[in-house]
Amino acid sequence: MTIPANGAPRRIKSVLFWLLALIVTLFFFFPIFWMTLSSFKTEADVAVYPPLFVFSPSWHSYIQLFVEMDALHALINSCVIVGIATSLAMISGTLAAYALARFEVKGKTVLAFEVLSIRMLPPIVSVIPLFIIAKKLGIFDTPWLLIAAYTLAGLPFVVWVMRVFIQDIPKSIEEAALVDGCSRFEAFWRITLPLLVPGLAATMVIVFMFAWNEFLLASILTSRAAKTLPVIAASAIKPKAISFGLASAAGVIMSLPVVVLVLMMQRYLVRGLTLGAVKG
């Protein structure tokens, strides 16, 4: 059996491609591996040079995080606040995007840019007004304040991205459903929404991650009752040193919900991230 002349170069190219992909994967995975490893080290083991790869695991950092710093309460706060805020932003943003994409609204392109411009506002600019309003309304250090802030922060992104996804779906599909007797809402619910699932998944993951990692508003607009996990994680930075074991344990706990969400949505993410959202 003879091997084609171009078979060997093609095989070499394939091997080099997969080798390069493996190196890149290891490069990006190593910080996560090192963070997880450091979270099970004592402070003495973390500071040792050269670094230790073989050691006696310790739960000291996790015990300190959950017992002394009340990270469980902060974790529950983060899950509730970010979950509700992401859901509200996705629901209201998708409906607004559908209106901008399908209905003849006067100046809708300008309106879409106006919505997007809210995203350009630096968060630090809105902190003081939000603090004053929260004090006046008596909602300072409550989950509802952060839910409202995170919903408003994620809404422009959802509207802009989902508008492009909806525009990529042919109108003729909805028009056929309307001819068959569906109402406008039924056509959206039964026809358009299932086609938007990849885009919804990709957008939701991004909005969730932005809200989950948010620190500025959570640190200033809360005191104790509504503290979120990023605020607790920042406590690992001391005035004169950094508790690397504690910071690593907080990083592992903060990463878990995002990893779980991405794994749940992975079947839609690749398609969603390569569809209309990459268009201008």
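We number each residue from 1, following the sequence as shown. Quantities reported herein were computed from a predicted structural model and do not represent experimental measurements.
Clustering ILVMFWY residues whenever any of their side-chain heavy atoms sit less than 4.5 angstrom apart, transitively, puts Leu152 in a cluster other than the one holding Met90. Phe188 and Ile91 fall within the same hydrophobic cluster, where Ile, Leu, Val, Met, Phe, Trp and Tyr residues are linked whenever their side-chain heavy atoms come under 4.5 Å apart, directly or through other members. Taking hydrophobic clusters as Ile, Leu, Val, Met, Phe, Trp and Tyr residues chained together by side-chain heavy-atom distances below 4.5 Å, Ile12 does not share a cluster with Ile23. There is no path of hydrophobic side-chain contacts, each under 4.5 Å, that joins Val231 to Leu217. With hydrophobic clusters built from ILVMFWY side chains whose heavy atoms lie under 4.5 angstrom apart, Phe28 does not share a cluster with Val258.
Met254 is listed as a side-chain neighbour of Asn213, based on a closest heavy-atom distance under 4.5 Å. Counting heavy atoms from C-beta on, the side chains of Ile173 and Thr192 never come closer than 4.5 Å. For the pair Leu65 and Ile253, the minimum side-chain heavy-atom distance is below 4.5 Å. Between Ser61 and Phe66 the shortest side-chain heavy-atom distance does not fall below 4.5 Å. Using a 4.5 Å cut-off on side-chain heavy atoms (C-beta onward), Asp141 and Lys227 make no contact. Looking at heavy atoms from C-beta onward, Lys41 lies out of side-chain contact with Ser248 at the 4.5 angstrom threshold. A heavy-atom distance below 4.5 Å is not found between the side chains of Ile132 and Lys135. Counting heavy atoms from C-beta on, the side chains of Leu146 and Pro143 never come closer than 4.5 Å.
A donor-acceptor contact shorter than 3.5 Å links the side chain of Ser126 to the backbone of Pro123. Of the possible donor and acceptor atoms, none in the side chain of Thr86 sits under 3.5 Å from a partner among the backbone N and O of Gly83. In terms of modelled atom types and a separation under 3.5 Å, the side chain of Ser39 and the main chain of Thr36 share a donor-acceptor contact. With Ser58 contributing its side chain and His60 its backbone, the two residues share a donor-acceptor pair below 3.5 Å. Using modelled atom types, no side-chain atom of Ser14 and backbone atom of Arg10 make a donor-acceptor pair closer than 3.5 Å. Side-chain N or O atoms of Asn77 include none that pairs as donor or acceptor with a backbone N or O of Thr228 at under 3.5 Å. A donor-acceptor contact shorter than 3.5 Å is absent between the side chain of Trp144 and the backbone of Ile139. Side-chain N or O atoms of Glu214 include none that pairs as donor or acceptor with a backbone N or O of Ala211 at under 3.5 Å. In terms of modelled atom types and a separation under 3.5 Å, the side chain of Glu175 and the main chain of Leu178 share no donor-acceptor contact.
Within 6.0 Å of atom CZ in Phe103, more than 12 heavy atoms from other residues, nucleotides or ligands are found, so the atom counts as buried in its surroundings. The environment of CD1 in Ile128 is sparse: at most 12 heavy-atom neighbours from other residues, nucleotides or ligands sit within 6.0 Å. Residue Arg184 places its CZ atom among more than 12 non-hydrogen atoms of other residues, nucleotides or ligands, all under 6.0 Å distant.
The aromatic rings of Phe30 and Trp34 lie parallel to each other, with less than 30° between the two planes, well short of the 60° mark. Under the 30°/60° scheme for interplanar angles, the aromatic rings of Phe40 and Tyr62 are found to be tilted.
In terms of heavy-atom proximity, Ala89 sits nearest to Leu155 at O-CD1, 3.7 Å. Summarising the geometry of Arg163 relative to Ala101, their closest heavy-atom pair is O-CB, 4.0 Å, with the distance given to 0.1 Å. Shortest non-hydrogen contact noted between Thr203 and Phe165 is OG1-CE1, 4.0 Å. Minimum heavy-atom separation, Ile191 to Ala177: CG1-CB, 3.9 Å. For Leu216 against Ser219, the heavy-atom pair with the smallest separation is O-OG, 2.8 Å. The minimum heavy-atom distance between Ser223 and Phe140, with the atom names listed, is CB-CE2, 4.1 Å.
With values rounded to the nearest 0.5 angstrom, Trp59 atom CH2 is found 9.0 Å from Ile63 atom CD1. In this structure, Leu130 CG and Leu221 CG are separated by 6.0 Å, a value rounded to the nearest 0.5 Å. Here CG of Leu37 is found 13.5 Å from CD1 of Ile32. Values are rounded to the nearest 0.5 Å. One distance of note links CG of Leu137 with OG1 of Thr142; it measures 9.5 Å at 0.5 Å rounding. A distance of 5.5 Å separates CG in Leu229 from CG in Leu75, rounded to the nearest 0.5 Å. Here the OH atom belonging to Tyr98 is positioned 8.0 Å from the CD1 atom belonging to Ile166, to the nearest 0.5 angstrom.
Ring centroids of Tyr150 and Phe210 are separated by 6.0 Å or more, keeping the two rings apart.
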